[in-house]
4 protein chains.
Amino acid sequence: MIADIDGNASVSNATGKPLTKRGEATRTRLLEAAEVVFAEQGYHEASIVKITERAGIGLGTFYLYFDSKQSIFEALVIDLNRRVRHSMAEAMAGTSDRIAAERAGFAGFFRFTAQHPALYRVVREAEFVSPEVLKLHYTRIVEGYEAGLARAKESGDIDRRLDPEVTAWALMGMGELIGMRFLLWERDENGLPPAQLDERVFTAMTQMIDNALAPRREGNHDD
Amino acid sequence: MIADIDGNASVSNATGKPLTKRGEATRTRLLEAAEVVFAEQGYHEASIVKITERAGIGLGTFYLYFDSKQSIFEALVIDLNRRVRHSMAEAMAGTSDRIAAERAGFAGFFRFTAQHPALYRVVREAEFVSPEVLKLHYTRIVEGYEAGLARAKESGDIDRRLDPEVTAWALMGMGELIGMRFLLWERDENGLPPAQLDERVFTAMTQMIDNALAPRREGNHDD
Amino acid sequence: MIADIDGNASVSNATGKPLTKRGEATRTRLLEAAEVVFAEQGYHEASIVKITERAGIGLGTFYLYFDSKQSIFEALVIDLNRRVRHSMAEAMAGTSDRIAAERAGFAGFFRFTAQHPALYRVVREAEFVSPEVLKLHYTRIVEGYEAGLARAKESGDIDRRLDPEVTAWALMGMGELIGMRFLLWERDENGLPPAQLDERVFTAMTQMIDNALAPRREGNHDD
Amino acid sequence: MIADIDGNASVSNATGKPLTKRGEATRTRLLEAAEVVFAEQGYHEASIVKITERAGIGLGTFYLYFDSKQSIFEALVIDLNRRVRHSMAEAMAGTSDRIAAERAGFAGFFRFTAQHPALYRVVREAEFVSPEVLKLHYTRIVEGYEAGLARAKESGDIDRRLDPEVTAWALMGMGELIGMRFLLWERDENGLPPAQLDERVFTAMTQMIDNALAPRREGNHDD
DNA sequence: AATGAATGAGAATTCATTCAT
DNA sequence: GATGAATGAATTCTCATTCAT
């Protein structure tokens, strides 16, 4: 069972009862510990003991707040989804035209990924742990995209021939693989991940997106 | 140690000795069984017992050919990589210009994914099982892409301002997420995966790629 | 890492945490079961399942208290060492001169071996399972011997020309092989091991030791 | 089934058939390989594959010459026994009185142990692998000892009150533990085992044995 | 006489989950 | 609310031995 993606996921325990103040604090510590452990070790290497030890609470206590290992993982992915979208929305706020918004959205996404590389891998791992929650994650991000593209299409900010839905998924895919290749895989001479996406890469990608989205003059050679 | 991605991966056993004819047959049966089991159950649900049972082979025999579950998984990913690239190369053969080749490449990729949906998820899971082999997989595919784009750039078939490397990874990412969304997730009323990518989606994606790559007339509005 | 040979070996679990009362009881049951199983079957025939089954405890529980089969084996040897030394010390208490003490010490050693023949074989097997712990075992016993011999030498109770260290190891060796030959190997007509060392053997051995240690009159023929 | 301890153990294969010349060579190579492997790794770490690989012959071939892992181990112990006894007999040859013979015998034993430390550990391990063959080993050595002591007793070369059998076992035990402590355990600053028993230790031990065996004048204080 | 592929019983070990305190 | 001892199914891997070639 997947918690409501937006609602305050932290108000009930594993059996659905509302939490006391103390209980809420415990739940939060568990989630924070899970974040670190899943990021460092991945889903299968992580264990409930590692999480509770890191959280500084008793093993049995875990089950007062979560049904299972999978359930805390899902809660974490949902939380991360909110944070990624927040990072993107923040970056897009105040942009004027659609193309600018697009760039800003990508920048926000890459910023989050660069700051939490391992954590973003957790989101990707959801595909194999809890496909449902991954769908939720992608869908939620794409929804915003798609709406924006639809509006931009109406207003002529982007090429009228584009399909908002497919375009949104395509852009998302570009961001994911560029992020994986140039953020998650990239290490400097000290073996550290880069603090942000390389300027060259970002520019090159932007160029391509501009091309893809820009409205076309009548008479372009494309059919 | 990851076997050579192209070389005859099937000529040595777990200790590096070359195989007899009988040995080669056994190794093949193991790989075929692994393909089914990993595809159906995912890496962590799969087990060596399940693989050998499906292969109709004694448990201990497994270890004559592979070091570990991870090692047969890697061998499988390498094999799949070859097949995906084959599917793409086949589709691209005989295309004239770059844009046509691009479309054909995607078509080949989607064809493979549609025919082996679960199998392609295996490749994606490599990110969490054996990152090295996933790098190999992507890199190998991207290399071909990149070389093609570089040539097309020279000949003016595509926009001169594009960066072949970044563009190649971006295109790859588009293909992956479109494939995941519209092939892996999609089920018809009988719960069956589609036999091929929806025409509408493919067209929409092609439109976008055409936009992204098409050479620009002088005086275009881009910076 | 080998636990302190004398300290309360029973106060911590496999991860070093101190034990609750319940935990201590479980650990004791495991050690008692291990004693029986190792004695009856030897190290390699013994298995953790056999130990936990005998202890009436779940398999997984074993690993809460010991790291591995080797680690419980070492704990057992250390425990046996304490008991052998106790048996010897008890026998020697109250003896007046050194020669008498020597005899008593041997008697104590043989008493323990006769009462736990299989168990004493466990100690000997440590040579091949955990040489370090065997060293500890022998060294601890020899230390006491050596100190006694050194004092006896000072006081003229034994031959001044003897080297306490070498003599101690030699005496220990005599005891071990005599014990093996005349206690571990010996079976009566019912196939039962003897309840104690044969009087004749003990007397003969004592004679020899008396000879070896007794102080010499001036003018003896030796070098 | 234990092969005849003295007879040419190498004239038949696992099924008892006499060997051809070629077969005899193969059997010898197996025994030589087993010697190295058992010495380096101990009985349980050793494996048939390791032995046959070292011998440079096929795995299946092993079973043409030996019934089992235990059976080649026994053959090896028997062979070592012959060599130890040879080393001792050689050293004792030509000594005049019993005490001198005793010293020489020990010297021969220590020489063998110093030259093949790991190998001698193999013999000791027989206690846990094949107690029967260990009995044979000790008994054979002790027999010679005992006979010599009996004769010396008759001739007045040693103390008349000693029991030849018990004395022989006691001397054997002394040798074993002294050897273990001062040859097997001892390492120089380079971690290498000593090439021979330390002079001081040998002298000290000899002193003690002299004491133990030397005939007593009338009127000695012993009863 | 020689080979080595195949076997499967058996071993150690892990960990999500339960439940009595 | 909190705890942590107990559990056992499940997994990976080893290796002595067999047998068809």
Side-chain angles (χ1 to χ4, degrees), chain A residues 13 17 19-20 22-23 25-26 44-53 57-72, chain B residues 13-14 17 19-27 44-50 52 56-70, chain C residues 13-14 17 19-27 44-52 56-70, chain D residues 13 17 19-20 22-23 25-27 44-53 57-72:
Chain A
N13 67 8
K17 283 206 205 119
L19 292 177
T20 64
R22 184 183 174 194
T26 305
H44 286 95
E45 282 304 298
S47 75
I48 308 288
V49 184
K50 286 174 188 166
I51 292 171
T52 52
E53 263 173 6
I57 64 170
L59 168 58
T61 310
F62 176 91
Y63 289 91
L64 297 179
Y65 296 93
F66 296 97
D67 280 340
S68 62
K69 185 176 165 183
Q70 174 156 335
S71 117
I72 194 173
Chain B
N13 67 6
K17 280 200 209 122
L19 291 179
T20 63
K21 201 149 209 166
R22 184 182 178 193
E24 212 162 332
T26 306
R27 189 181 191 276
H44 285 95
E45 281 305 299
S47 79
I48 293 176
V49 185
K50 286 174 186 167
T52 52
I57 278 182
L59 169 58
T61 309
F62 176 90
Y63 291 93
L64 296 179
Y65 297 93
F66 298 96
D67 280 340
S68 59
K69 185 171 142 182
Q70 172 152 337
Chain C
N13 67 6
K17 281 202 209 121
L19 292 178
T20 63
K21 200 148 211 167
R22 186 184 177 192
E24 213 163 330
T26 306
R27 189 180 191 277
H44 285 96
E45 282 304 300
S47 78
I48 293 177
V49 186
K50 287 173 184 165
I51 293 172
T52 52
I57 277 181
L59 170 56
T61 308
F62 176 90
Y63 292 92
L64 295 179
Y65 297 93
F66 298 97
D67 279 340
S68 60
K69 186 170 140 182
Q70 172 153 338
Chain D
N13 66 9
K17 283 204 202 120
L19 292 176
T20 65
R22 183 182 174 194
T26 305
R27 189 181 191 279
H44 286 95
E45 282 304 298
S47 75
I48 309 288
V49 184
K50 286 173 187 166
I51 291 172
T52 53
E53 263 173 6
I57 66 170
L59 167 59
T61 310
F62 176 89
Y63 290 91
L64 298 178
Y65 296 93
F66 296 96
D67 282 340
S68 62
K69 184 176 167 184
Q70 173 155 336
S71 117
I72 194 174

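All chains are named by letter (A, B, ...) in the order of the sequence lines, taking the proteins before the strands, and each is independently numbered beginning at 1.
Each of A:G23 and C:G58 was matched to the nucleotide of DNA chain F holding its nearest heavy atom; the match closer to the 5' end belongs to A:G23. Sequence order on DNA chain F of the closest nucleotides to A:G60 and B:H44 puts A:G60 first from the 5' end. The residue among C:S47 and B:T61 whose nearest nucleotide of DNA chain E lies closer to the 5′ end is B:T61. Each of B:L59 and C:K69 was assigned the nucleotide of DNA chain E with the nearest heavy atom; the assignment lying further toward the 5' end belongs to B:L59.
Between A:T20 and F:dG1 there is a side-chain N or O to OP1 or OP2 distance below 4.0 Å. Between B:R22 and E:dG4, a side-chain N or O to OP1/OP2 separation shorter than 4.0 Å is absent. Distances shown here put every side-chain N or O of B:T26 at or beyond 4.0 Å from the OP1 or OP2 atom of E:dA5.
Regarding C:K21, its NZ atom lies at a distance of 18 Å from the P atom of F:dG4, rounded to whole Å. Computed from coordinates, the A:F62 CZ to E:dC19 C1' distance equals 17 Å when rounded to whole Å. Rounded to whole Å, the distance from CZ on D:R27 to C1' on E:dA2 is 17 Å. Rounded to a whole Å, the OH atom of C:Y65 is 12 Å from the P atom of F:dG4. Atom-to-atom, CD1 of C:I48 to P of F:dA6 comes out at 16 Å; the value is rounded to the nearest Å. Rounded to a whole Å, the CZ atom of B:F66 is 16 Å from the C1' atom of F:dT12. For D:Y63 and E:dA5, the OH to C1' distance is 14 Å, given to the nearest whole Å. Atom-to-atom, CD of D:E53 to P of E:dA5 comes out at 12 Å; the value is rounded to the nearest Å.
Nucleotide F:dA6 has E:dT17 as its partner under the Watson-Crick or G-U criteria, with both atom distances under 3.5 Å.
Between B:H44 and B:K69, the shortest heavy-atom contact is O-NZ, 3.7 Å. Smallest separation of non-hydrogen atoms from D:R27 and D:F66: NH2-CE2, 3.5 Å.
Among the atoms of the strands shown, none is found under 4.0 Å from any heavy atom of A:A25.
In this structure, of F:dT7, E:dA1, F:dG1, it is F:dT7 that holds the atom nearest to the side chain of C:I57.
Rounding to the nearest 0.5 Å gives a distance of 5.0 Å between OG1 of C:T52 and CG of C:L59.
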Between D:Y63 and D:I48, is a side-chain contact (heavy atoms from CB on, under 4.5 Å) present by the stated rule, with each step listed? CA-CA 10 Å; D:Y63 290 91; D:I48 309 288; 4.0 Å; yes
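Screening A:T26, A:I51, A:L64 against A:I57 for a side-chain contact (heavy atoms from CB on, under 4.5 Å) leaves a single residue, A:T26.
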